[in-house]
Amino acid sequence: MSFSVNFPLFCIVGSLLTAVVSSVLGDRWARRVCMAMVSVVAVLNGVLLGYLTGLGRSVSYTMGHYPHPWGNELTLDSLEALVSVVFSLVLLLCLLGGKAQLQRDLGDRKRNLYYVMAALVQTSLLALVYTNDVFTGYVFIEICTIASCGLLMIRQIGRTTLASVRYMIFSLIGSGLFMLGVVFLYNITGHLLMPELKQTLADLWQSGLYRAPLLTGMSLITIGLAIKSGLFPFHFWMPDTYGYATPSSAGILSGLVSKGYIFLLLKLIFRAFGTQVFYGAGIHHILYLLGVIGMVVGSVSAIREDDIFRMVAYSSAAQIGYIYMGIGISPDLGVTAAVYHILTHAITKPALFLASAQLTDGAGGSKRFRELQGAAYSNWVAGLGFSVGALSMIGLPFTMGLIAKYLFARAAFQSELKMIPTLVVLGISTVLNTLYFARTILRLYNRPKRKLAKPCPVRRQIPYAVSALVLSGMNLLLGIVAQPLISMIEQGLKQF
Amino acid sequence: MNLSDVFMISLLALLLLSGISACLTKNLLVSFIIFMAYSVIMSVVWALLQAPDLAITEAAVGAGISSVLLFITLKKLRDIQKRSEDEKT
Amino acid sequence: MKKHNWKQILRQWDEGRFDLTMALPEQTEPDHAGPDLPYRWDRRDRVRALERRELRLFERMYPWLSALLCVVIVLWLFWAVAELPAFGDPQAPAHNQVMERYVGRGTQETGAVNTVAGVILDYRAFDTLGESHVLFAAATAVLVLLMAAGKEDGEYRRELAIMHTESILRNTVRVIVPVVLLFGLYVMFNGHLGPGGGFSGGAVLGAGLILYAISFGFDAIERFLNFRSYRATVLVSLCFYSLAKCYAFFCGANHLPVIFSAGTPGRIFSAGLILPLNLAVGLIVACTMYGFYSVFKRGRI
Amino acid sequence: MLQTLWENRIQCVAVLIFAVGFSTLLLHRNLVKKIIGLNIMDTAAYLFLTSIGYIRGRLAPIIVGTDTDPSHYANPLPAGLVLTGIVVSVSVTALMLALTIRLYDQYHTLNLDEIYYMALREQEGGQ
């Protein structure tokens, strides 16, 4: 066995140590250490990805001397490595791209604590992606919740405190339900490790024993994670949370944290419940329905917003709907589309938030569209970043958005029942997306009558420019040559 | 049904009662005190369920530290209220 | 019925004020709001009035709504509970080979007489590693929130002056605090031999510190626990915890022997890593609990 | 069914308390009451979990002497999980209380909806 299977352990413990050490360092050093750690994590996971793709099967890594079902474990396979590479890269780019706003929004004394929270988010995302144990999932969900609340409320204006309270309340309801679901499943199976859980649940499903607790446990876990990731009826915390946080945090929360929960749900469906039991129980129909409604409702709300951040936040609610719709369609093609869309959204949404921040800064700090007229001329990088992101969200050719929509449509043809509604809603949603994103782009590139704001100095923009160009480049690259990524996801799902 | 069952059932009834009344009481201070009682009852229930580790922890954390934090918060809130009223007058 | 002015709708779309309710006739608009009057019944006003009415309605509905929700959840969960294995049944599925190994071979494998300590600090140590960082994360977040409140709150000094006159309280505390601290330490050190462990011991220790701080003031406690020593303790304990567990995980996964032996079960210096880990956890918990109190009380540690 | 419910009475009580805490957390407007509801909800889930570990007529899972026969002791795993959970819930409580203090400092009320309207008005006034 190659040495690289130890990398997830090193990444997780290393990020924990980074968080602890950053809390006593000064601002600059905390920043450097944290960025270095995140890049190292990205590289190590990349190496692991290479190894696991070659290996072609999943590996379970015991945390300690006791294999499952006795001790904690991690599972490593190519999909998990792929997702963690993307997550760490995006986290790095978020921290880089929002640097200017971070310096403005954070007080002097606690800037290092921001990096503590970022490192904790990184740890918990890695643990959520790699874990093979349901209860470990619960513990790291809590770390993730607290750390993301920290990222949110560290910019202390009234609205962020209010937003973090609402965020916390929804998250805690979600984790409470998740916990109760785990308790139910433990009660009827006696296992917390995923392989045994899957085996026992499949047996119980066959024999029909304990049917009610089984269904209850699964649905409680699903509802809990759906609430935490902001599926349709539970998306009310989103606009405030993403709209008032500092842009790096908005990018991290919308692009990574909610995706981490969804990935955990996928992992539970495949590894802990088993697709047969989960799809046999019919919970996916509810997810499908809520996802479809969320796609439309989120977009309609976004059209009605005249604040650019809140508009992007509502669009996030719509995109979460896409992902759940994919999970609801079918366990093979539908989930492939969902995973692809997780990556699309993780790459696109931070780019949009960071670009909006740059644009509003250039336009004198107002988030209204009226004042943003022609803002792209004073900051062409941000204009470019926003346009690429927006076009990808609409689903134009050469972007990841189009591929995601194609994959959803392909999955829809598998299911007779869901084909028509899926295609119709995809169409409606595309039109609605076009309505609000096209409007914004037109605004940005429409020369105002009054004089343009002065372009901001180039030196301060370099970190943002790097991050925007890399994010846009990734988006276009993976949109043009999508096939390797799709086959990687498909292969990964087979190993799941 | 023997004596320990009766004891357990009465504890459970008390637990339910204190849980509901802690949620429904209007006065915050009363609600905190009921919550403290709830934690103590919970720790006795856990001791009866053969989980002494939990009983110790719940007694220290639930009845001790959580409640202290709640009381300080209430104190803080009153201070803030008083300060803002002073500023008004 | 209002006639739609498409140009106007287009402009509103462009300005982000696009609203599907525009198509509806505006009944709520007051009659007097002509174009010559300065007051215009704005859309926001309409929404706000609507929401206020909703709020009042909700205020009245709250007990009923919550009762309804409660009943729905209870019925749903009762339906599930009714099928669960009976309480206290030794044949229940939860008591399977996992539990048998934890109890039957736990003492031999981990060296801990208290199998709960063996489970959380050896078999399932990764959970516990995460858990102590939950405490750390929460302490950091609380520090961020309440430090920003700015100047130190001088209120507690006045309270302390009142406390000084309460000699009964102070003398009681003087007697109780050493006992509480001693009990906390005992629970911490004894975690692998009897009920207790790092978390409970740390919580008791923290409660003792808080009691001391309440009656004797922070100045007394700062002689041995100020911000510097707080940070140093937490840093060292957490780093030790992470590194020790990382080493154990690494050895376990690669089938290497660890240098810590289980020792003779029942002795105080036994159970390999469990005793030092309990101490580390206990210090973290005690410091964090005291830190919560101190930050809440005066805005700093 | 009633027979099983009576046998599982601890779980039933836990479910009842969970529902009370859940609806308080979701529907009550006072932030501090929400926090109490949260704590009650969490402890109810832990009570449920602890009751799984209990086995009639067996002792706490602390080995007595050299008797390591698994059929003499209760299940240690639920206790370990609950221990983890309690610490998580006290951390979350502390964080929520700190948020409450900050919020009260800014808006001078604990009613979340009032706070929301005040924030909305503030935002519109700022434009």
Side-chain angles (χ1 to χ4, degrees), chain B residues 5 8-9 11-26 28-29 31-32 34-35 38-39 41-43 45-58 60-62 64-81 83-85 87-88, chain D residues 9-10 12-14 16-18 20-21 23-25 28 30-37 39-44 46-47 49-55 57-62 73-76 78-80 82-83 85-87 89-90 93-94 96-98 100-101 104-106 108-110:
Chain B
D5 275 353
M8 191 66 173
I9 290 170
L11 275 181
L12 287 178
L14 269 178
L15 196 64
L16 192 57
L17 198 70
S18 53
I20 294 175
S21 45
C23 284
L24 291 184
T25 320
K26 285 269 187 284
L28 284 183
L29 189 63
S31 165
F32 293 168
I34 296 175
F35 176 71
Y38 169 88
S39 296
I41 299 169
M42 187 64 98
S43 93
V45 170
W46 281 343
L48 286 183
L49 287 175
Q50 297 294 337
D53 304 71
L54 300 185
I56 296 176
T57 315
E58 174 69 14
V61 167
I65 288 161
S66 285
S67 311
V68 168
L69 290 183
L70 283 170
F71 288 129
I72 307 173
T73 309
L74 197 61
K75 177 81 180 46
K76 270 281 200 216
L77 297 185
R78 294 213 171 127
D79 285 352
I80 293 171
Q81 195 183 12
R83 211 186 313 142
S84 76
E85 273 166 11
E87 276 166 16
K88 255 180 221 162
Chain D
R9 52 191 170 263
I10 295 188
C12 291
V13 170
L16 282 169
I17 302 175
F18 184 89
V20 170
S23 31
T24 309
L25 178 56
H28 213 291
N30 187 327
L31 192 50
V32 180
K33 293 308 270 298
K34 269 186 198 284
I35 298 172
I36 294 209
N39 265 298
I40 287 179
M41 183 179 91
D42 278 353
T43 33
Y46 303 146
L47 176 64
L49 188 49
T50 318
S51 74
I52 300 172
Y54 177 79
I55 305 174
R58 297 198 192 172
L59 289 176
I62 296 166
Y73 300 101
N75 193 343
V82 175
L83 212 50
I86 291 177
V87 176
S89 75
V90 71
T93 310
M96 285 298 285
L97 287 174
T100 312
I101 293 178
Y104 194 80
D105 206 14
Q106 274 155 349
H108 298 293
T109 172
L110 286 174

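In what follows, every chain begins at residue 1, and chains take the letters A, B, ... in the order their sequences are listed.
Between chain B and the options D:T43, D:L16, D:T93, the largest number of non-hydrogen pairs under 4.5 Å is found for D:T43. Highest contact tally toward chain B, considering only D:V82, D:I40, D:L83, is held by D:I40 [criterion: heavy-atom pairs under 4.5 Å]. Chain D forms more heavy-atom pairs under 4.5 Å with one residue of B:S31, B:S39, B:S66, B:A51 than with any other, namely B:S31. Among D:V20, D:I62, D:V87, the residue making the largest number of heavy-atom pairs under 4.5 Å with chain B is D:V20. Most heavy-atom pairs under 4.5 Å with chain B, from the set D:T50, D:I10, D:V90, D:N39: that is D:T50. Considering only heavy-atom pairs separated by less than 4.5 Å from chain D, the leading option among B:G19, B:A13, B:A22, B:C23 is B:C23.
Of the options B:K76, B:K75, B:R83, a salt bridge (charged side-chain N to carboxylate O under 4.0 Å, His left out) to B:D79 is made by B:K75 and by none of the others. Shown are D:T100, D:N30, D:L25; of these, the side-chain contact (heavy atoms from CB on, under 4.5 Å) with D:I35 is made only by D:T100.
Rounded to the nearest 0.5 Å, atoms CD1 (B:I34) and CD1 (D:I36) are 9.0 Å apart. Here the CD1-CE distance, from D:I17 to B:M42, works out to 5.5 Å after rounding to the nearest 0.5 Å.
Between D:H108 and D:Y104, the ring planes are perpendicular. Angles over 60° get that label, and only those under 30° would be called parallel. Between B:F71 and B:F32, the ring-plane angle classifies as perpendicular under the 30° and 60° cut-offs.
Proximity to chain D is limited to the side chain of B:L28, based on heavy atoms less than 4.5 angstrom apart. With a 4.5 angstrom heavy-atom cutoff, D:T24 touches chain B only via side-chain atoms. In this structure, no portion of D:I55 lies under 4.5 Å from any heavy atom of chain B. Neither the backbone nor the side chain of B:L74 comes within contact range of chain D; no heavy atom of the residue lies under 4.5 Å from a heavy atom of that chain. Neither the backbone nor the side chain of D:Y73 comes within contact range of chain B, judged by heavy atoms closer than 4.5 Å. Of the two parts of B:I72, neither the backbone nor the side chain holds a non-hydrogen atom closer than 4.5 Å to a non-hydrogen atom of chain D.
Within the 4.5 Å cutoff, side-chain heavy atoms of B:T73 are placed close to those of D:I101. Using a 4.5 Å heavy-atom cutoff, the side chains of D:K34 and D:L110 are not in contact.
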